[in-house]
Amino acid sequence: MYSKLEKFVRAFAPERYQYAMSFYRPQDQYNALVAYTLLAILCRQPRIELVRGANDKPFFKSNQDMELSITHNSKFVAVAVSDKPIGIDGEPWQTIDASIIKQVYSENEQRELVNFF
């Protein structure tokens, strides 16, 4: 599977291929290739030109009205596209000390957190 992803991205998006290969860990290289492939599937076209904006955030060169967010970690890859501001982050789940929650969140927000999880 890796060789097919690598071949696809290298053929249609050589700059994204170079970006993927800039990662040190092979897993991160693979995830970057998967992210571009997911984006190509989502956009229904194999060649997508991306440019980097503020904070190195990627966006579509041809359609700057569309928002794009890409994340990956050791467990998953996610791509989101929207006509509204969007951001996704694939940080690993961490527990938070209850005393910190009480210091930072209002009582109403604390109830919402409990209901959410």
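- Within 6.0 Å of atom CD in Glu107, 12 or fewer heavy atoms from other residues, nucleotides or ligands are found, so the atom counts as exposed in its surroundings.
- With rounding to the nearest 0.5 Å, the separation of CG in Leu68 from CG in Asn63 is 11.0 Å.
- Looking only at side-chain heavy atoms (C-beta outward), Ser69 and Lys57 come within less than 4.5 Å of each other.
- In this structure, Ala20 and Gln29 approach most closely via the heavy-atom pair O-CG, 3.1 Å.
- A single hydrophobic cluster is not seen to contain both Ile70 and Val51; linkage of ILVMFWY side chains at heavy-atom distances under 4.5 Å, directly or through other members, places them apart.
- Distance alone, capped at 3.5 Å, places no donor-acceptor pair between the Thr71 side chain and the Asp89 backbone.
- For the pair Arg111 and Tyr105, the cation-pi criterion (under 6.0 Å, within 45° of the ring axis) is not fulfilled.
- Hydrophobic clustering places Val9 together with Met21 (ILVMFWY residues linked when any side-chain heavy atoms are closer than 4.5 Å, directly or through intermediates).
- The hydrophobic clustering, which links ILVMFWY residues whose side-chain heavy atoms are closer than 4.5 Å, places Val81 and Phe59 apart.
- Counting heavy atoms from C-beta on, the side chains of Gln110 and Lys102 come closer than 4.5 Å.
- Annotation: Glu109, atom CD; neighbour count of heavy atoms from other residues, nucleotides and ligands within 6.0 Å is above 12.
- Remark: side-chain polar atoms of Asn31 are paired, donor with acceptor, to backbone N or O of Asn73 under 3.5 angstrom.
- Annotation: Phe76, atom CZ; neighbour count of heavy atoms from other residues, nucleotides and ligands within 6.0 Å is above 12.
- Ring-plane geometry between Tyr19 and Phe23 is classed as perpendicular, the angle between the planes exceeding 60 degrees on a 0 to 90 degree scale with a lower cut at 30.
- Counting heavy atoms from C-beta outward, Leu33 and Lys7 have side chains that stay 4.5 Å or more apart.
- Of all heavy-atom pairs spanning Cys43 and Ile48, the tightest one is CB-CD1, 3.9 Å.
- Put simply, CD on Gln27 and NE2 on His72 are 9.5 Å apart, with the number rounded to the nearest 0.5 Å.
- One hydrophobic cluster, built from ILVMFWY side chains closer than 4.5 Å, holds both Tyr36 and Leu42.
- Asp83 has its side chain within reach of Met66: a pair of non-hydrogen atoms, C-beta onward, lies under 4.5 Å apart.
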Go through Phe60 and Asp65 one step at a time and tell me if the side-chain contact (heavy atoms from CB on, under 4.5 Å) criterion holds. CA-CA 8 Å; Phe60 295 103; Asp65 293 333; over 6 Å; no
Between Leu39 and Leu50, is the side-chain contact (heavy atoms from CB on, under 4.5 Å) condition met? List the steps. CA-CA 11 Å; Leu39 183 61; Leu50 302 175; 3.9 Å; yes
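- Judged by distance alone, the side chain of Arg47 and the main-chain N or O of Phe12 form a donor-acceptor pair under 3.5 Å.
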